[in-house]
Amino acid sequence: MNISKTYQPKEAEEKWYGYWLQHKFFKSVPDEREPYTIVIPPPNVTGVLHMGHMLNNTIQDVLIRRARMKGKNACWVPGTDHASIATEAKVVAMLKERGITKKDLTRSEFMTYAWEWKEKYGGIILEQLKKLGASCDWDRTRFTMEDDLTEAVIDTFIHLYKKGLIYRGIRMVNWDPIGKTGVSDEEVIRKEVNQKLYYIRYKVSSIKYQVSSKDLTSDSGLRTSDFLTVATTRPETIMADAAICINPNDERYFHLHGKKVLIPLINREIPVILDEYVSMDFGTGCLKVTPAHDLNDYELGQKHNLPVIDILNDDGTLNENAKILVGEDRFAARKKIAVLLETAGALEKVEDYKSQIGFSERTDAVIEPKLSMQWFCKMDEMAKPALDYVLEGEIKLIPEKFINTYRHWMENIKDWCVSRQLWWGQQIPAWYLPDGQYVVAKTREEAFEQAKLLTTHNSQLTTEDLVQEEDVLDTWFSSWLWPISVFDGFKDPNNADINYYYPTNDLVTAPEILFLWVARMIMAGHEFRGEIPFKNVYLTGIVRDKLGRKMSKSLGNSPDPLDLIEKYGADGVRVGMLRSSPAGNDLMFDESHCEWGRNFFNKVWNASRLIKGWTVDDTLKNNNQVVIEWFESRFNEALVEIEGNFAQYRISEALMSTYKLVWDNFCSEYLEMIKPGYQQPIDSETYNCTIIFFENILKILHPFMPFISEELWHDDLFGQRAEYDCCIVAQLPNYGQINAQLLNEMETVKQVITQIRNIRNSKQISQKEILELSVKANSTVPYKNYELIIKKLGNISALHMVSDKISGAASFMVWSDEFYLPLNESLDPYSESIRLQKEIEYLTGFLNSVNSKLGNERFMNNAKPTIIEVELKKKADAEAKIKILEENLSALAN
RNA sequence: GGGAGUUUAGCUCAGCUGGUUCAGAGCAUCUGCCUUACAAGCAGAGGGUCACUGGUUCGAACCCAGUAACUCCCA
């Protein structure tokens with residue numbers, strides 16, 4: 001018998017995880033049972049477990065374990081994502097340590113190093129998930145860049161290209177001039193920086209204009225009608241200007257409509273255009289439009305058909321298009337041009353200015369918006385059915401509030417830029433001919449066949465002349481296929497697995513990737529299988545620290561999940577995470593949650609120690625029948641609650657229901673009620689019932705706390721278990737009868753006990769001092785049935801049913817019943833009368849409010865009959881109680 | 001700039017169909033207990049202008065409108 005006062009999780013965690021694996025309880029193969037499937041949101045292969053993963057995977061594990069215990073064929077597919085950007089950065093860092101730079105390597109050499117890195121360090125996170133207790137079918141582990149999944153990516157790209165959904169186009173990317181690469185938005189760190197705002201004068205070139213009086217009174221930047229003034233933080237880009245834009249409603253500038261102006265220093269003529277996009281309040285109200293070097297300007301330029309003049313080289317120096325300062329770095333050029341403008345009399349003033357600037361996460365270079373040729377996937381056609389699935393409820397978002405967000409996004413969807421300027425990933429299967437034309441094909445040979453058809457003038461073309469697109473596909477272009485590709489649905493569209501497991505049931509993920517990932521999986525499901533990929537999407541919150549900051553490595557505010565597991569046990573961390581994390585709401589993480597979890601499983605542990613300490617005496621008769629029946633009812637009631645909570649994905653509520661059942665009802669109430677005196681034996685009937693109750697409790701605890709429940713499942717308490725008789729595969733108990741009257745009566749009895757304890761506390765009478773209790777029952781509650789319970793928990797020696805008040809005794813009421821506790825010391829009549837008066841006062845106020853309701857004709861006419869009934873009962877109860885209290889008060893006076 | 005959300009006890013959050021004098025839980029606080037399962041515990045207690053302003057209703061934390069603060073997503 002294990003007598004340790006506290007449960008030691010570590011040993012049990014290792015033992016049982018190994019046991020589960022060894023007995024293949026996580027393994028799933030299609031059979032006749034109903035499937036229940038979850039595909040894991042594949043974590044980055046470079047990743048280490050963070051708190052977000054903990055929450056996310058705990059929820060998935062709870063769902064999958066519950067499904068398993070409900071007799072379903074539960075299949076949780078794990079895997080990792082190749083994460084182009086993050087992994088490539090890791091590999092570059094590794095190479096740097098070895099003194100190798102990426103640009104000295106060929107693509108295939110680089111890929112060799114990258115795979116080496118992946119094999120060595122990748123997938124640590126999956127090992128960490130095991131520590132959490134994740135019951136994934138590890139035999140099914142997939143990787144988004146493994147051969148089969150890569151083939152699926154290439155095939156789907158070609159499929160979409162053939163459908164006309166893939167095209168090339170120009171797009172503004174975040175350019176890192178030091179790293180000489182495009183970086184994703186996620187890798188751009190925005191910082192507030194002190195800058196200067198330069199006010200630059202552009203000369204109006206056509207002289208024909210009329211002077212309006214407004215020009216003279218306006219305090220705008222327009223000093224004379226010969227000039228307009230533009231405020232900019234980037235004077236070095238004026239050579240790339242394509243227009244000046246003003247708001248058409250801006251009265252200050254009506255005279256400029258249709259005019260042209262000259263760029264200072266280079267005297268190139270550009271038009272003044274009108275667009276409401278320009279804010280009249282900011283700067284001078286005149287905006288220089290530089291399509292090549294600003295995203296908004298680019299869009300404005302597209303709208304107004306402006307030329308795109310790119311004046312920057314890849315390294316951030318000015319190129320020939322700039323005409324002046326060619327070869328200078330952009331920042332040096334900024335300083336120099338300010339001087340030139342000043343000298344030319346075109347610089348009106350310079351102001352200090354604060355604004356947000358993007359920096360490259362990796363090189364800390366100021367990000368330069370840069371136009372480049374990218375590959376795109378058309379979205380509008382695919383978005384429509386994906387939107388309908390959600391609007392029509394075929395796919396449920398939990399919580400529902402995300403439907404609005406989803407719809408808004410899907411109705412305003414932009415084409416997806418699928419190319420990335422990296423090597424680690426699936427290289428785009430496009431092949432360029434020497435003349436710049438291209439074909440899309442799976443292999444060089446197929447590409448060559450197609451290319452031959454394109455070239456009429458070049459019969460010399462060989463396969464070697466084709467150059468494959470350098471860019472790889474966006475990582476999401478492989479993850480959007482995940483629910484299909486993990487079951488080989490592309491390689492073999494009719495295989496047993498995909499037919500059985502797809503569509504999957506629940507997807508558990510973070511709301512920030514609702515569009516990046518979830519929406520696209522829905523599109524892919526429809527496009528490639530004509531079916532939804534999953535039925536429910538449970539969106540978790542973001543794990544934040546106590547200050548509300550997102551937990552991140554760079555802030556260093558995230559605890560190491562493995563340390564937490566070490567400290568509080570996997571079970572403790574699991575329930576700690578779940579406790580205050582309703583779907584879609586952020587979780588303010590604090591270690592005290594885990595402490596709470598640890599205390600919870602320790603309570604369960606100690607309950608087992610108590611039961612184990614009992615000796616059974618077969619000759620004893622069962623005095624606890626009413627308690628046993630009550631707990632049965634209470635247990636069934638809790639089961640219904642828990643089931644209801646799960647049905648609505650209120651997982652933290654389900655946990656709280658379980659917690660209350662176990663801690664309050666089972667430990668504090670049931671066990672205390674049946675507990676025999678010290679070193680006294682217990683009757684066999686009560687003991688056997690208790691064992692059954694405890695086993696059922698282990699079952700409902702298992703999805704939340706798999707390790708301790710499995711450990712106790714195999715305790716001596718339950719005798720010898722067969723090898724495969726494990727909690728993980730036990731079937732959840734079915735509901736039985738709920739005796740509502742019994743539950744109500746017990747609530748009343750519990751109140752009586754609380755009141756007795758309360759009087760002890762307030763009168764400073766020790767819990768050990770034995771008292772007698774007299775009951776003047778005005779209701780029909782059969783207190784005698786509960787005599788043993790009241791005696792035991794109230795430390796009462798005798799329970800007298802009386803028909804008269806007892807003077808001089810401490811008294812209290814539960815509903816309309818009167819209770820008297822004669823004390824050794826005499827009561828202070830003064831404070832007792834104050835107490836009674838206060839209570840009467842409160843009840844009178846209550847009664848008045850009820851009476852005013854009942855006296856309100858409109859209430860009587862409109863309220864539902866059941867509500868009126870309740871009010872009438874409240875009135876009767878209050879009146880009866882006031883009457884009794886007044887009697888007691890007058891008795892006190894005599 | 002566009003969209004979504006949040007605001008309830010000191011803290012973190014519940015409150016589901018509007019109906020128990022305007023409310024619950026855990027943590028924290030206070031009081032008393034080392035009572036032979038558990039001090040990681042037991043028995044109690046205190047603590048609230050349900051962000052603000054209006055409206056609808058017999059009745060509002062809940063429905064509607066507006067305001068404020070904060071958060072997230074997209075650009």
Side-chain angles (χ1 to χ4, degrees), chain A residues 3-7 185 277 279 295-296 299 399 401-409 411-414 510-516 541-542 544 546 548-550 568 572 579-582 584-590 592-593 595-614 644-645 648 650 652-653 656 659-660 663 667-668 671-672 675 677-679 753-762 764-768 793 795 842-850 852-864 866-868 870-871 873-874 877-878:
Chain A
I3 49 156
S4 166
K5 270 172 100 168
T6 51
Y7 166 63
D185 291 345
Y277 164 78
S279 157
L295 180 58
N296 294 318
E299 283 171 3
K401 67 181 181 187
F402 286 109
I403 294 175
N404 283 341
T405 321
Y406 182 82
R407 174 171 50 207
H408 182 258
W409 193 75
E411 284 173 350
N412 297 283
I413 195 163
K414 299 229 162 57
E512 65 251 44
I513 53 173
L514 182 59
F515 310 128
L516 284 176
I542 296 164
R544 300 174 175 280
K546 271 182 121 173
R549 299 173 306 180
K550 193 168 170 172
Y568 300 103
R579 239 203 87 216
S580 63
S581 60
N585 277 7
D586 290 357
L587 166 66
M588 300 293 170
F589 182 79
D590 187 79
S592 68
H593 292 141
E595 208 175 315
W596 175 84
R598 179 198 61 184
N599 294 353
F600 185 21
F601 69 59
N602 198 45
K603 186 75 183 176
V604 178
W605 177 256
N606 277 298
S608 80
R609 288 180 60 223
L610 174 67
I611 301 168
K612 271 192 283 190
W614 292 340
N645 287 327
Q648 293 174 80
R650 295 166 182 269
S652 54
E653 294 284 303
M656 279 316 287
Y659 172 85
K660 282 179 183 160
W663 196 304
C667 293
S668 299
L671 288 179
E672 290 299 332
K675 182 161 108 178
Y678 180 53
Q679 291 192 332
I753 292 160
T754 299
Q755 293 279 21
I756 295 169
R757 288 169 170 172
N758 214 337
I759 284 179
R760 286 183 192 273
N761 263 326
S762 62
Q764 294 181 330
I765 299 164
S766 161
Q767 300 294 339
K768 286 178 192 162
L793 299 197
N795 199 16
Y842 170 86
L843 280 166
T844 310
F846 177 69
L847 184 61
N848 286 342
S849 87
V850 174
S852 73
K853 243 188 228 183
L854 289 169
N856 184 332
E857 214 173 295
R858 297 216 271 174
F859 171 75
M860 298 303 282
N861 291 338
N862 291 316
K864 278 179 274 180
T866 49
I867 299 293
I868 294 176
V870 169
E871 293 298 319
K873 184 163 190 315
K874 274 174 9 188
D877 287 352

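Just so it is clear, the model here is predicted, and its values are computed rather than measured. Note that these values count all heavy atoms, side chains included, but never hydrogens, waters or copies made by symmetry. Lettering follows sequence order; numbering is per chain, from 1.
- Annotation for A/Leu854 and A/Glu871: closest pair CD2-CB, 3.9 Å, computed over non-hydrogen atoms.
- For A/Arg598 and B/G41, the CZ to C1' distance is 12 Å, given to the nearest whole Å.
- The nucleotide whose nearest atom lies closest to any side-chain atom of A/Tyr678 is, among B/C58, B/A25, B/U36, B/U36.
- Under 4.0 angstrom from either OP1 or OP2 of B/A37 there lies no side-chain N or O belonging to A/Arg609.
- B/A75 and B/U7 have their P atoms separated by 27 Å, with the value rounded to a whole Å.
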key: Intra- and inter-strand pairs of RNA chain B in dot-bracket (Watson-Crick or G-U wobble, both distances under 3.5 Å; | for another strand)   = (((((((..((((.....[....)))).(((((.......))))).....(((((..]....)))))))))))).
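- From A/Leu671, atom CG reaches atom CD1 of A/Ile611 across 5.5 Å, with rounding to the nearest 0.5 Å.
- The same atom, C1', is picked in B/A23 and in B/A14; the two are 11 Å apart, to the nearest Å.
- The side chain of A/Arg650 lies closest to B/G15, out of B/C58, B/U36, B/G15.
- Of all non-hydrogen atoms in A/Asn599 and A/Trp663, the two that sit nearest each other are O-CZ3, 3.6 Å.
- Across all strands, A/Lys603 comes closer than 4.0 Å to base atoms (heavy-atom distances).
- When the side-chain nitrogen and oxygen atoms of A/Lys675 are compared with OP1 and OP2 of B/A37, one or more of them lie within a distance under 4.0 Å.
- No side-chain N or O of A/Asn861 forms a donor-acceptor pair with one of A/Arg858 less than 3.5 Å apart.
- Residue contacts shown for A/Phe515 are limited to sugar-phosphate atoms, with no base heavy atom under 4.0 Å away.
- Considering only side-chain N and O atoms, A/Asn599 lies under 4.0 angstrom from the phosphate OP1 or OP2 of B/G41.
- Nearest heavy-atom pair across A/Lys675 and A/Trp614 is CA-CZ2, 4.0 Å.
- Within 4.0 Å of A/Thr754, counting heavy atoms only, lie sugar-phosphate atoms of the nucleic acid but no base atom.
- Atom CD in A/Glu653 sits roughly 15 Å away from atom P in B/G24 (whole-Å rounding).
- Not one side-chain nitrogen or oxygen of A/Ser592 sits closer than 4.0 Å to the OP1 or OP2 atom of B/A28.
- For the pair A/Asn606 (side chain) and A/Asn602 (backbone), a donor-acceptor distance under 3.5 Å is present.
- Comparing A/Phe846 and A/Tyr7 along RNA chain B, the residue whose closest nucleotide (by nearest heavy atom) sits nearer the 5' end is A/Phe846.
- Across all strands, A/Trp614 comes closer than 4.0 Å to no nucleic acid atom at all (heavy-atom distances).
- We find that CD1 of A/Ile867 is positioned 10 Å from C1' of B/G59, with the value rounded to whole Å.
- The side chain of A/Asn404 has B/A4 as its nearest neighbour among B/A40, B/A4, B/A37.
- Rounded to the nearest 0.5 angstrom, A/Lys414 NZ and A/Trp409 CH2 are separated by 10.0 Å.
- For A/Glu672 against B/A37, a side-chain N or O and a base N or O form a donor-acceptor pair under 3.5 Å.
- Look at the P atom in both B/G66 and B/C30: the space between them is 46 Å, to the nearest Å.
- Place A/Thr405 and A/Ser668 on RNA chain B by their nearest nucleotides, and A/Thr405 ends up nearer the 5' end.
- Note on A/Asn758: only backbone sugar-phosphate atoms sit closer than 4.0 angstrom, heavy atoms only; bases stay farther off.
- For the pair A/Phe600 CZ and B/A40 C1', the computed distance is 14 Å after rounding to whole Å.
- Taking every side-chain heavy atom of A/Arg858 into account, B/C58 is the closest of B/A4, B/G44, B/C58.
- A 4.5 Å side-chain heavy-atom check between A/Arg757 and A/Asn795 finds every atom pair outside the cut-off.
- Scored by the ring-ring contact (aromatic ring centres under 6.0 Å, His included) test, A/Phe601 finds A/Tyr7 as partners (sequence neighbours excluded).
- Contact annotation: A/Arg757 side-chain N/O to B/C42 OP1/OP2 distance is not under 4.0 Å.
- Atom CZ in A/Phe859 sits roughly 16 Å away from atom P in B/G18 (whole-Å rounding).
- Of the listed nucleotides (B/A37, B/U35, B/G41), B/G41 has the atom at the smallest distance from the side chain of A/Trp663.
- For the C1' atoms, the distance linking B/G46 with B/A39 amounts to 22 Å, nearest Å.
- Between B/G59 and B/G2, the distance separating the two C1' atoms is 39 Å to the nearest Å.
- Under the 30°/60° scheme for interplanar angles, the aromatic rings of A/Tyr659 and A/Trp596 are found to be tilted.
- Regarding A/Leu854, its CG atom lies at a distance of 13 Å from the C1' atom of B/U20, rounded to whole Å.
- Within the nucleic acid shown, A/Asn602 comes within 4.0 Å of at least one base atom, counting heavy atoms only.
- Residue A/Trp605 places no side-chain N or O under 4.0 Å from the OP1 or OP2 atom of B/G41.
- Remark: the separation of the C1' atoms in B/A9 and B/G48 is 5 Å, to the nearest Å.
- Protein atom CE of A/Met860 is 16 Å distant from nucleotide atom P of B/G59, rounded to whole Å.
- In the set B/G26, B/C74, B/U36, B/G26 carries the atom at the smallest distance from any side-chain atom of A/Trp596.
- Between the CH2 atom of A/Trp409 and the C1' atom of B/G3 there is a distance of 14 Å, rounded to whole Å.
- Of the P atoms belonging to B/A45 and B/A61, the separation is 25 Å, rounded to the nearest Å.
- Nucleotides B/U12 and B/G55 are separated by 33 Å at their P atoms, to the nearest Å.
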